[in-house]
Every structure is written in C-alpha cells, then in structure tokens.
Amino acid sequence: MGQYYLVANMDKKEVLCVNGRYPGMKLLEIALNNENSYAIVNQMAEKWKDDHVYLVGDYADLSDPKEPFAEAYKKWFDKFHVIDNLYNYVREHFQKVEGDTTNHGFRFVYNHEKRVYIDLLHIPELCRYNTYGDLYINPLPLLIAMGNGRGGGDYGNPKNDDLVGTWCDSISSIEITKEPLDHLEYEEFHPDFCLPY
C-alpha cells in the first residue's frame with residue numbers, strides 16, 4: 001500500500017492544504033507537483049520561517065533509532081504525548097491552512113546548521129520527453145520527510161535515498177530566499193533526486 005504524508009508545522013500546530021485538500025499525499029506526488037512544491041516553499045519562506053516543518057508519513061514510527069528522522073520524530077511524539085503515531089495526531093489536532101501555489105521566485109534554500117544551500121534552478125530534469133512536459137523532483141519535501149522507504153509512492157533510488165529525511169534534525173535553521181546570500185560562502189548541495197530507470 002502507499003504511504004501518505006502531511007506537511008505539518010509542529011510549532012504552530014498547522015497542516016498545509018492545497019486547494020482545500022492535503023497536497024498530493026504520497027511523497028513523490030508532493031515533490032513532483034509544482035503546486036505542492038510552491039505551497040511548501042512559500043509557506044516555509046514566509047509564514048513558517050524558522051519553524052519545525054516536516055512531511056510526516058503515516059508509516060513513520062520509532063522502530064529504528066538509526067533513521068535520519070528518528071530524533072526529531074521522538075521529540076514531537078513525546079512533546080504531544082502521542083498514543084499511536086504522529087501522522088494521526090497531526091490529522092486530528094492540527095489546524096488546516098491553505099497554501100499559496102504561486103511561483104513567487106523563491107530559489108535558494110539555505111541550511112544554516114549544515115552550512116549548505118540548494119539552488120532550485122539546479123535541480124536535474126527527471127523526464128525530458130514526456131506528455132506532461134519536463135518534471136523535477138523538488139528536493140525540499142524529501143529532505144524533511146519522516147518515514148521514507150516504508151510504502152508505495154516513497155522515493156527509492158539506491159544512489160541517494162539515504163539523503164531523505166536528513167534535514168529533519170536542522171529544520172528550524174532553514175532559510176528560503178529569492179536572492180543568493182553570497183556573504184555566507186556556503187557550499188552548494190546537490191542531492192540530485194531522480195527516479196532510477
């Protein structure tokens with residue numbers, strides 16, 4: 001079965017919606033869809049700046065402490081006194097907020113704790129020739145996802161699927177800008193998420 005995700009702000013207890021619905025639901029559906037990606041980037045750049053924001057999967061749990069999201073998951077699981085799983089808690093207790101799906105030109109995603117940045121214009125094409133036009137996997141939803149690899153629709157490329165969820169531990173240090181912050185002299189990070197063929 002597929003694993004479903006909610007885009008959740010733990011500090012504000014809000015969950016993101018797109019056109020009145022939870023965006024995409026499955027991890028790759030969220031990361032491949034422009035409307036979903038713009039909604040997440042816009043929200044994190046503005047109203048949710050400096051907050052703890054994650055894509056929480058319904059199969060994510062505390063069974064493997066070595067998972068890159070495990071520490072963050074446990075923190076919020078304990079803080080909210082969750083009984084079953086974090087996904088269900090978010091769905092039942094968080095307020096829905098509508099995301100803005102317009103491209104406002106946010107291009108650079110800085111992780112100040114890791115001292116790296118992503119240029120969203122340097123995302124590799126997933127499929128150059130397809131019926132729907134060029135497709136890209138937005139890296140941000142994957143980097144802040146909890147539970148990848150546990151259900152259909154997750155990201156599965158052995159070349160770099162170990163990167164999924166690796167920004168969960170530094171999420172509140174992320175800053176998203178339209179212009180480069182050249183004075184920081186951070187290294188450009190290329191997760192290069194793409195589907196194996």
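Only a predicted model underlies this, so the values are computations on that prediction, with no experimental measurement involved.
Panel note: side chain Tyr136, backbone Cys194; no donor-acceptor pair is recorded below 3.5 Å. Checked by atom type and distance alone, the side chain of Gln3 pairs as donor or acceptor with a backbone atom of Tyr59 at under 3.5 Å. No donor-acceptor distance shorter than 3.5 angstrom exists from the side chain of Asn36 to the backbone of Val18, with no hydrogens or angles considered.
Here the side chains of Asn157 and Phe193 are not in contact, with every heavy-atom distance at 4.5 Å or above. When side chains are defined from C-beta on, Asn148 counts as touching Tyr5, because their heavy atoms get closer than 4.5 Å. In this structure the side chain of Tyr38 never reaches within 4.5 angstrom of the side chain of Thr102, judged on heavy atoms. Looking at heavy atoms from C-beta onward, Val53 lies out of side-chain contact with Ile174 at the 4.5 angstrom threshold. A 4.5 Å side-chain heavy-atom check between Met146 and Tyr87 finds every atom pair outside the cut-off. Side-chain contact check for Phe94 versus Tyr89: some heavy-atom pair is nearer than 4.5 Å. In this structure, Lys75 and His52 have side chains that are in contact, with non-hydrogen atoms separated by less than 4.5 Å. The shortest side-chain heavy-atom distance between Thr166 and Leu143 falls under the 4.5 Å cut-off.
Remark: Leu121 CG is packed, more than 12 non-hydrogen atoms of other residues, nucleotides or ligands lying under 6.0 Å away.
For residues 79-103, the set of pairs meeting the salt bridge (charged side-chain N to carboxylate O under 4.0 Å, His left out) definition, not counting sequence neighbours, is empty. Applying the salt bridge (charged side-chain N to carboxylate O under 4.0 Å, His left out) test to pairs two or more places apart or on separate chains, those with a residue in residues 6-16 are Lys12-Asp51. Within the structure, salt bridge (charged side-chain N to carboxylate O under 4.0 Å, His left out) contacts touching residues 145-173 (residues at least two apart or in different chains) are Asp61-Arg150, Glu67-Arg150, Lys114-Asp169.
Taking each heavy atom of Cys168 and Ala72 in turn, the nearest pair found is O-CB, 3.8 Å. For the pair Lys178 and His104, the tightest heavy-atom approach, listed with the atom from each and the gap, is CE-O, 3.0 Å. Nearest approach of Ala60 to Gly147, heavy atoms of both residues: CB-CA, 3.8 Å. Minimum interatomic distance between Val97 and Trp48 (heavy atoms only, all atoms of both residues): CG2-CZ2, 3.7 Å.
With hydrophobic clusters built from ILVMFWY side chains whose heavy atoms lie under 4.5 angstrom apart, Ile144 shares a cluster with Leu62. Connection of Leu184 to Phe106 is not established within any shared hydrophobic cluster, with ILVMFWY side chains joined at heavy-atom distances below 4.5 Å, either directly or through further cluster members.
When each of Val109, Leu16, Ile176 is paired with Met44, the side chain to side chain contact (heavy atoms under 4.5 Å, CB included) condition holds for Ile176 and for no other.
Summarising the geometry, atom CH2 belonging to Trp76 is positioned 12.5 Å from atom CD belonging to Glu71; distances are rounded to the nearest 0.5 Å. Atom CG of Asn42 sits about 7.5 Å away from atom CG of Asn103, to the nearest 0.5 Å. Summarising the geometry, atom NZ belonging to Lys26 is positioned 10.5 Å from atom CG belonging to Asp58; distances are rounded to the nearest 0.5 Å. How far CZ of Phe77 is from CG of Leu86: 8.0 Å, rounded to the nearest 0.5 Å. Atoms CD1 and CD1, on Ile118 and Ile123 in that order, are 7.5 Å from each other to the nearest 0.5 Å. Distance check: Leu6 CG to Tyr22 OH gives 6.0 Å after rounding to the nearest 0.5 Å.
The ring of Tyr54 has its center no closer than 6.0 angstrom to the ring center of Phe69.
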### Message
Could you walk me through whether Gln43 and Asn9 satisfy the side chain to side chain donor-acceptor pair (under 3.5 Å) test, starting with their C-alpha distance in whole Å, then the side-chain angles of each, then the deciding distance to 0.1 Å, before giving a yes or no?
### Response
CA-CA 10 Å; Gln43 201 75 11; Asn9 182 322; over 6 Å; no
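Remark: Ala31 engages Ile137, Pro141, Leu142 in a side chain to side chain contact (heavy atoms under 4.5 Å, CB included) (not counting sequence neighbours). Annotation: side chain to side chain contact (heavy atoms under 4.5 Å, CB included) contacts of Phe108 (sequence neighbours excluded): Tyr110, Tyr117, Asp119, Thr177, Pro180. Residues satisfying the salt bridge (Lys or Arg N to Asp or Glu O under 4.0 Å) criterion with Asp64, sequence neighbours excluded, are absent altogether.
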